Novice: 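This is the structure I have questions about; it appears just below.
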Amino acid sequence: MSVKIIGTGSAVPKLRVTNEDLSRILDTSDEWIYSRTGIKARHIAVEETTAQLAAEAAGAALSMAQLAAEDIDLIIGATATPDRLLPGLACEVQRILGAAHAAAFDINAACSGFLFALNIVNAYLRSGVYQNALIIGAETLSRLTDWTDRGTCVLFGDGAGAAVVAADGAGETRGILGMVQGSDGGRGMVLSCGNRPLNNPYVNHGNETPYVDMNGQEVYKFAVKTVPAAIAQAVEAARLTVEEIDLFLLHQANYRIIEAAAKRLGQPMEKFPTNMQERGNISAASVPILLDEVNRSGKIKEGDKIVLAGFGAGLTWGAAVLGW
Ligand code: ACO
């Protein structure tokens, strides 16, 4: 028994905002943003919702998998930016797609969300509870960023990526070959965002709107240490070596973090495709959007070994090795 990704999809909003566009509304520059992050542009939701982007990505993944929405048993939405707190994103996607036979729920593991969702469906599918699952990383982070804070708002974008994951009879060299995940709540406040304050007849903490708050240097240190270690563990769990991995698809927070991870793993940057140049950091959507773009570009061949890795708020991290 193996558990395999059989379809991928992605969607981004229509509006493309370049670094030059941002320099017209903020005290920033293309030179500052690009040299520190690798980001040139990002897409920002104006007309689109998180659920619409998620459903568009999910529909594309279903078409590639040649499955109908009714064939899906389980939908997991990974997001920190649902349109509504209730109902959750996965239930909204279920409604839009008409996936009437699915159980649907959300998780929040921030930028690691897609990896955590993959780990959950791996367990469900391997145990025989379900046959076909849909996992979606979708964000409209533009609603959580303070657009007067040049230190954070330039980093993020909006969008969604999805994958159809199925239980398969294929042998041990296909599908999910190894996974690790971890969390360190003790360091959680280096990257945080509050919720609506408590406000009831017995207490009043005001109506302030909370925004993303980040200690960039601490996040950088966490990422360059934890990500290569998690990847090495997942590769070992898959009984492979990093030299045998064809592609490393990492969370697209920052080009310098990816370069540092490649260096620590002793692998060339050609094995690390990136899209943050055009997409920015889309938290839980980054990894599945990159996977879909690389998949549709024809860069993945049958039999390739691929690493997916996410890291972010929580702190959380996850890595998976796939045999394609
Ligand atoms: N444009 C121009 N100047 C800016 C901008 C901007 N957009 N943002 C900050 N600055 C200024 C600051 O005000 C500061 O000025 P000062 O020295 O006069 O006080 C100066 O640039 C340096 O600011 P730092 O915050 O120290 O900048 P740093 O060099 O650390 O770079 C960055 C910030 C790119 C975020 C870096 O810390 C980093 O790469 N961190 C990794 C974390 C990351 O990528 N997070 C993404 C989200 S988290 C995730 O997805 C896991």
Side-chain angles (χ1 to χ4, degrees), residues 3-14 43 45-109 113-125 128-143 157-168 175-176 279 282-296 308 310 322:
V3 170
K4 232 179 126 182
I5 291 180
I6 59 167
T8 61
S10 60
V12 293
K14 279 194 212 78
H43 288 248
V46 178
E47 292 163 11
E48 302 86 351
T49 65
T50 307
Q52 283 166 356
L53 292 165
E56 190 182 332
L62 282 170
S63 303
M64 187 187 285
Q66 299 185 319
L67 288 182
E70 293 81 7
D71 297 325
I72 296 296
D73 309 306
L74 173 67
I75 304 173
I76 302 183
T79 185
T81 52
D83 304 306
R84 294 184 176 81
L85 293 177
L86 304 167
L89 172 68
C91 291
E92 291 213 68
V93 171
Q94 174 183 36
R95 173 180 56 77
I96 297 169
L97 295 178
H101 304 129
F105 63 90
D106 289 357
I107 61 159
N108 177 356
F114 185 79
L115 269 298
F116 277 48
L118 188 62
N119 212 346
I120 296 169
V121 299
N122 188 32
Y124 270 117
L125 299 186
V129 175
Y130 295 123
Q131 174 66 37
N132 299 315
L134 176 61
I135 54 176
I136 307 158
E139 305 281 11
T140 46
L141 285 162
S142 58
R143 72 173 84 217
D158 298 336
V164 175
V165 190
D168 189 299
I176 299 169
R279 303 273 175 254
I282 322 182
S283 191
S286 268
V287 170
I289 291 177
L290 181 64
L291 174 63
D292 181 53
E293 290 177 352
V294 171
N295 190 19
R296 284 173 194 270
L308 306 181
L322 311 178

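Only a predicted model underlies this, so the values are computations on that prediction, with no experimental measurement involved. Computed over heavy atoms, backbone and side chain alike; hydrogens, waters and symmetry mates excluded.
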Novice: With heavy-atom distances below 4.5 Å as the criterion, would you say the side chains of L322 and L308 are in contact?
Specialist: yes

Novice: Could you check whether any side-chain heavy atom of M64 comes within less than 4.5 Å of a side-chain heavy atom of N295, counting everything from C-beta outward?
Specialist: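 Of all side-chain heavy-atom pairs linking N295 with M64, at least one is under 4.5 Å.
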
Novice: For E293 and R279, run side-chain contact (heavy atoms from CB on, under 4.5 Å): C-alpha distance rounded to whole Å, both residues' side-chain angles, the deciding distance at 0.1 Å, then the answer.
Specialist: CA-CA 11 Å; E293 290 177 352; R279 303 273 175 254; 2.7 Å; yes

Novice: Report the C-alpha distance between I72 and V164 in whole Å, list the side-chain angles of each, state the deciding distance to 0.1 Å, and finish with yes or no for side-chain contact (heavy atoms from CB on, under 4.5 Å).
Specialist: CA-CA 9 Å; I72 296 296; V164 175; 4.3 Å; yes

Novice: Hey, is the main chain of A11 close enough, under 3.5 Å, to the side chain of E56 for a donor-acceptor pair?
Specialist: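 A pair under 3.5 Å: no.
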
Novice: Does any part of the side chain of L125, heavy atoms only, come nearer than 4.5 Å to the side chain of Q131, both counted from C-beta?
Specialist: no

Novice: Would you say that I136 contacts I76 through its side chain, given a criterion of any heavy-atom pair below 4.5 Å between the two side chains?
Specialist: no

Novice: With heavy-atom distances below 4.5 Å as the criterion, would you say the side chains of E47 and K14 are in contact?
Specialist: yes

Novice: Within the structure provided, determine whether V12 and L53 are in side-chain contact (heavy-atom separation under 4.5 Å).
Specialist: no

Novice: For D83 and T50: C-alpha separation, side-chain torsions, deciding distance, then whether side chain to side chain donor-acceptor pair (under 3.5 Å) applies.
Specialist: CA-CA 6 Å; D83 304 306; T50 307; 3.3 Å; yes

Novice: Testing the basics here: between G159 and I289, what is the closest heavy-atom pair and its distance to 0.1 Å?
Specialist: C-CD1, 4.0 Å

Novice: Could you check whether any side-chain N or O of D158 sits under 3.5 Å from a backbone N or O of S142, counting only pairs where one atom can act as donor and the other as acceptor?
Specialist: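 Confirmed, D158 side chain pairs with S142 backbone.
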
Novice: Donor-acceptor check, side chain of T81 to backbone of T140, threshold 3.5 angstrom: yes or no?
Specialist: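 Checked: pair present.
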
Novice: Decide yes or no for N119 and L115: does some side-chain heavy atom of the first lie under 4.5 Å from some side-chain heavy atom of the second?
Specialist: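 Result no, sub-4.5 Å side-chain heavy-atom pair not found.
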
Novice: With distance as the sole test, does E139 use its side chain to make a donor-acceptor pair with the main-chain N or O of A80 at under 3.5 Å?
Specialist: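 Yes.
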
Novice: So do the side chains of L62 and L97 get within less than 4.5 Å of each other, counting heavy atoms only?
Specialist: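 They are in contact (side-chain heavy atoms under 4.5 Å apart), so the answer is yes.
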
Novice: Grab the two heavy atoms, one from Q94 and one from A104, that are nearest each other, plus how far apart they are.
Specialist: OE1-CB, 4.1 Å

Novice: With side-chain contact (heavy atoms from CB on, under 4.5 Å) as the criterion, how do I6 and V165 come out once you've worked through the C-alpha distance, each side chain's angles and the decisive distance to 0.1 Å?
Specialist: CA-CA 6 Å; I6 59 167; V165 190; over 6 Å; no

Novice: Taking the side chain from N132 and the backbone from D73, do they hold a donor-acceptor pair closer than 3.5 Å?
Specialist: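 A pair under 3.5 Å: no.
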
Novice: Sub-3.5 Å donor-acceptor pair from the side chain of D106 to the main-chain atoms of L89, do we have one?
Specialist: yes

Novice: Do E48 side-chain atoms and A45 backbone N/O form a donor-acceptor pair below 3.5 Å?
Specialist: no

